[in-house]
Every structure is written in C-alpha cells, then in structure tokens.
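Report on the structure given below.
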Amino acid sequence: MKKIVIATGILLNLCCYQAQDTLQSRNLQKDLALIKVDSTTHIKTPFFKKEWVKKSVAPAILFTAAAATWGEKENIREVRNRYLPTFKAKYDDYLQYAPAAAVYGLKFAGVKGRNNLGRATLSYVTSLAIMGILVNSIKYTAKVERPDGSKNNSFPSGHTAMAFTNASFLHKEYGMVNPGYSIAGYGSAALTGLGRNLNNRHWLPDVLAGAGIGILSTELGYFFIDKIYKNKGDNLSLLSRIQGNDNPSFLSIKLGTALGTTNFLKESDLDDKKQVGFEGGLEGAYFFSKKWGVGGDISFSSFPIKPLKATLDDGEDFGDYTIITQSLGFLGAGIGPYYSHEFSDKWQLTLKATAGYSATASGKVFIKSDNVDNATHELEIARYKPKPAFRWNTGASLTYKFNPGLGITLYSDYNQIKSSIRYHFSDAIESSEDLNNELNNLIAKEKINYFTLGLRLTAYF
C-alpha cells in the first residue's frame, strides 16, 4: 500500500509539472506573438503634434500675413507719412542685436540655459548662416524698391530677420528658464520691425517676411546641431518646468487688416465705398481662473478714403474733379470680460466683449482738378474733426502655444463706433454769413462699423 501511495504522488507531481510547463510554453508563445505585433505596429502621431509642424506654424503664419498685406503696403505707408512724416530714430540699428547680447550676458554671468556656451554659439552661428542665405538670395532676386526710393533691396527686411533670429536664440536658450526672457526678446524684435517701418526703410510685408525668416532660421539651426549632438540640449535635466499660476493671463502685440462693413462718410457724401485699412496695438487680460478673466486693449486703426469723382455743374467750365479726403484714424481703448477654453496644451480659444472710448484724428478735404492753378492741382476746401465717441468691441481668437509662456494668435474682432463729425470749410466761406452758418456748422453722424482680422504675438504670465 505504501508503495502505491508513493507511486501515485510521483505521477501527480509529474502531471502538474507537465501542465505548468505547457502553460508557461503557451504564455511564452503569446508574449512572443504580442511582441511581434508591437514591433510591426506604427502609431501615427497627430498632424499638429508632429515636430516639423510645430516649428513651422509661426513662420508660415508670418509669410501668409506678408502676402496678405502686399496689396495694402502703399496705404499703410501713407498713414506713416501723414501722422509721422519726419520720424527719424536709428534705434533699430542697435536693438536688433539686444537679444543675442542678453544670451551671452547670461551665459557669462553663470545663468544656466538650454545649452553650454560652445554648443549655443554653434547653434547661433548656424542660424545666422541660414538667415543670411535666405535674406540675401531673396533680396537680390525680388529687387523690390524701398519706400524711400533709395535701393531695390527692400524685401525682406534684413534688420527684422536679424532681430527675430536673435529673439528666437534667446527664447531657445532661456525661454524654459523664465518666460520673461522670451517676452523681452520678441518684444524688442517687434520694436525693431516697427522702427524699419517708421524710418521709411521698409514696407510692412518686408517686416513680416523678415520675422518669419528669422524664426525659421533659428529653428533650422537648432535642428541641425541637435542632430549632431543627438539630444535636445546640454542642460535640459537641470531646468525646472515652468509652472506659473496655470491661468491663461496674457499680454500681446497685435497687427491686422480692418474691413469696413459700413460707408464711414456716407452721411457726409464724401465716399461711396466700404473702407479697407489696418489695425495695430496692445491687448492683455488677467484671468482669475482657467476660464474667466478681465482684460482690454489699446489699438490704432486707419482707413484710407478712396477719391470720389464728380462733376461741377454751375454754368462755368470747371469740368470733372476729384474729392480727396485724408484717411480716418481711430485711437481706441476698451475693457471687459474674457473667456478662455483650452483644446489641448498647444491650442486655446479666447472670447471677449469690451466697451470703451474712441478718439478720431482730424483731417482735410481737397478738390483736385486740372483747373486748379498750382503745382499739385489740389485745393483745400475743408477740415474735419470727429468727436470722441463710445466704442464697443467683441471678438474671438485662436492661439498656438510654442511653450507655456509664448504663442501666436489668429484673432478676429468686430468694432462699432457712432461718430459725429464737424466740418469747417475754407476761410473764404466765413465772409458770407449764410454760407458760414450753413456749412461751418455742418455735423454729420456716421456709423463706423468694421471687422479686424490679424495676428497677435502672445506672452503668458
């Protein structure tokens, strides 16, 4: 009996061992099959999360903006010539280098950035080489005349390209340390581009294209050097992640095209078409939570008034003439609630509604005719002065964030102003009491409604 029990135990142990061995074999086969499937399965990266897409968004938007404003460059320059005709300040010759100087100042002061000094310099030199090739090859192929008529190498702006290359260099090296460095760098680059416009050295499309080339050149420079080093930076593990207060508070510089939805001088009989102009300014908001905040903007918009052809039928041979009205310029400010919604860590939608104040620049009205006996064949007949008025504004914007501290925003706003414009005609009319009372007391109530569509460089804090 004892032998039978021992034999039975041995058989049971053998059966259990074989079953366990079979189970392990089956599990191993399954695991191998799963590994084989995983090794052949390719997980697709969403389009907007692809590295090359992220790096090309800002340059693509700037190049598109340059193309969109090409047809309006003369009108935009005319605004500069009207309001700041004698502007001359050469700060842009020096400010373009400030972000790069800041990088090396921080390096020598011992502040850790993305890379050590040698690698940062190699990335910077590569970026400059790419920028120089792109700018000069386009300049001397396109041969666009400068607005001051000095040379035929206006497009794109080399100063602006240099400024944005340097700003992107500062952003790459120290944007992760503190977003304030990125804000300062891109702010100085934007002021450099503005200086090229105000100094009458470049058209607006030149500046926008130069900015796009500068950002693109730095992205390419870092891309190639990172490939050589086979990593994304020397000191990334030492840099702490930007936290902030996690609310989308921001400050931005904006520039866009303004499209009139009403005839601004319809009641004055000085135009018969809707105007197209441009807008520039500052906008910001402080958010108390991830969704709600309060903000406002200060903006300047200008609309050139197209000449109006007419015929004077007074029994004399005056013939056809043209009425020329100087552009309408609006300086506005408003405040109101802002709402934000994040689709992801890269994309953010913002809605707003603001109310405020708008002041309008005064201007002149001319008659132009071959019968006017002077060099320009123009005769000033009146001056106009709009009264300050209430302005309300509503809009939506979509921001793509390069990092938690900086993004580029596509925005669209709707503005409405009810303006009263008073006209004062030439002094000769004052000698006639009837005409003076009738014309020089003339007040036209105009509806100023327009959309703006443009871009903002947005810094979060």
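These numbers were taken from a predicted model, which means no experiment stands behind them.
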Nearest heavy-atom neighbours spanning [X] and [Y]:
| X | Y | answer |
| --- | --- | --- |
| Ser419 | Pro386 | OG-CB, 3.7 Å |
| Ala396 | Leu351 | CB-CD2, 3.5 Å |
| Ser168 | Gly214 | OG-O, 4.4 Å |
| Thr160 | Gly193 | OG1-CA, 3.6 Å |
| Ala189 | Ala167 | CB-CB, 4.0 Å |
| Ala258 | Thr452 | CB-CG2, 3.8 Å |

Side-chain donor-acceptor pair present, [X], [Y], cut-off under 3.5 Å:
| X | Y | result |
| --- | --- | --- |
| Ser150 | Asp148 | yes |
| Tyr222 | Glu173 | yes |
| Thr409 | Thr458 | yes |

Under 4.5 Å between any side-chain heavy atoms of [X] and [Y], yes or no?
| X | Y | answer |
| --- | --- | --- |
| Trp203 | Val144 | yes |
| Asp272 | Leu308 | yes |
| Phe303 | Ile448 | no |
| Tyr97 | Met162 | yes |
| Ile305 | Leu265 | yes |
| Asp413 | Lys352 | yes |
| Val177 | Lys112 | no |
| Thr262 | Phe264 | yes |

Hey, what do you get for [atom1] ([X]) to [atom2] ([Y]), rounding to the nearest 0.5 Å?
| X | Y | atom1 | atom2 | result |
| --- | --- | --- | --- | --- |
| Lys266 | Glu446 | NZ | CD | 9.5 Å |
| Tyr357 | Ile298 | OH | CD1 | 13.5 Å |
| Leu349 | Leu398 | CG | CG | 6.5 Å |
| Asn247 | Ser289 | CG | OG | 6.0 Å |
| Thr165 | Leu170 | OG1 | CG | 13.0 Å |
| Thr399 | Lys346 | OG1 | NZ | 12.5 Å |

- Residue list, salt bridge (charged side-chain N to carboxylate O under 4.0 Å, His left out) with Glu72, at least two apart or on another chain: none
- Kindly write out the residues that satisfy salt bridge (charged side-chain N to carboxylate O under 4.0 Å, His left out) with Arg456, not counting sequence neighbours, or none if the list is empty.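 In terms of salt bridge (charged side-chain N to carboxylate O under 4.0 Å, His left out), with neighbours along the sequence ignored, Arg456 is linked to Glu283.
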- Message: Please determine whether side-chain contact (heavy atoms from CB on, under 4.5 Å) holds for the pair Lys73 and Phe155, giving the CA-CA distance in whole Å, both sets of side-chain angles, and the decisive distance to 0.1 Å.
- Response: CA-CA 12 Å; Lys73 62 181 183 178; Phe155 182 84; over 6 Å; no
Is it the case that over 12 heavy atoms from other parts of the model lie below 6.0 angstrom from the [atom1] atom of [X]?
| X | atom1 | result |
| --- | --- | --- |
| Lys107 | NZ | yes |
| Leu282 | CG | yes |
| Lys445 | NZ | no |

- Message: Using the rule ring pair (Phe, Tyr, Trp, His ring centres under 6.0 Å), only one of Tyr174, Tyr124, Tyr186, Phe164 pairs with Phe169; which is it?
- Response: Tyr124
- Task: Start with the C-alpha distance between Arg422 and Ile443, add both sets of side-chain angles, then the distance that settles side-chain contact (heavy atoms from CB on, under 4.5 Å), and finish with yes or no.
- Result: CA-CA 4 Å; Arg422 180 169 183 170; Ile443 296 178; 4.1 Å; yes
- Message: Tell me whether the rings of Tyr423 and Tyr384 are parallel (<30°), tilted (30 to 60°) or perpendicular (>60°).
- Response: tilted
- Query: Angle class for the Phe278/Phe300 ring planes (parallel below 30°, perpendicular above 60°, tilted otherwise)?
  - Reply: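 Ring orientation, 0 to 90° scale: perpendicular.
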- Item | Pairs involving residues 90-103, ordered by first then second residue, that meet salt bridge (Lys or Arg N to Asp or Glu O under 4.0 Å) (sequence neighbours left out) |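 Every pair satisfying salt bridge (Lys or Arg N to Asp or Glu O under 4.0 Å) with a residue in residues 90-103: Asp92-Arg196, Asp93-Arg196.
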- Can Glu219 and Lys172 be said to form a salt bridge (Lys or Arg N to Asp or Glu O under 4.0 Å), step by step? CA-CA 9 Å; Glu219 291 289 357; Lys172 285 286 189 182; 2.9 Å; yes
- Message: Tell me if the centroids of the rings in Trp292 and Tyr339 come within less than 6.0 Å of each other.
- Response: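 Judged by ring-centre distance (under 6.0 Å), Trp292 and Tyr339 do meet the cut-off.
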- Pairing of Glu378 and Lys364 as salt bridge, 4.0 angstrom limit: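 So Glu378 does not pair with Lys364 through a salt bridge.
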- Query: Taking it one step at a time, do Asp345 and Lys401 satisfy side-chain contact (heavy atoms from CB on, under 4.5 Å)?
  - Reply: CA-CA 8 Å; Asp345 60 341; Lys401 295 183 179 180; over 6 Å; no
Is the side chain of [X] donor-acceptor paired with the backbone N or O of [Y] at a distance under 3.5 Å, no angle test?
| X | Y | value |
| --- | --- | --- |
| Ser137 | Leu134 | yes |
| Gln275 | Lys273 | yes |
| Tyr338 | Thr350 | no |
| Ser123 | Gly221 | no |

All side-chain hydrogen bond (donor to acceptor under 3.5 Å, both in side chains) counterparts of [X], not counting sequence neighbours:
| X | answer |
| --- | --- |
| Tyr414 | none |
| Lys306 | none |
| Asn153 | Arg146 |

- Only one of Lys232, His171, Met176 passes side chain to side chain contact (heavy atoms under 4.5 Å, CB included) with Arg114; say which it is.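 Checked Lys232, His171, Met176 against Arg114; only one passes side chain to side chain contact (heavy atoms under 4.5 Å, CB included): Lys232.
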- When you look at Leu410 and Ile61, which way does the side-chain contact (heavy atoms from CB on, under 4.5 Å) test go after all the steps? CA-CA 9 Å; Leu410 176 66; Ile61 292 175; 6.0 Å; no
- Note on the structure: side chain to side chain donor-acceptor pair (under 3.5 Å) test vs Asn415 passes for just one of Thr261, Asn393, Thr394, Asn449, namely Asn393
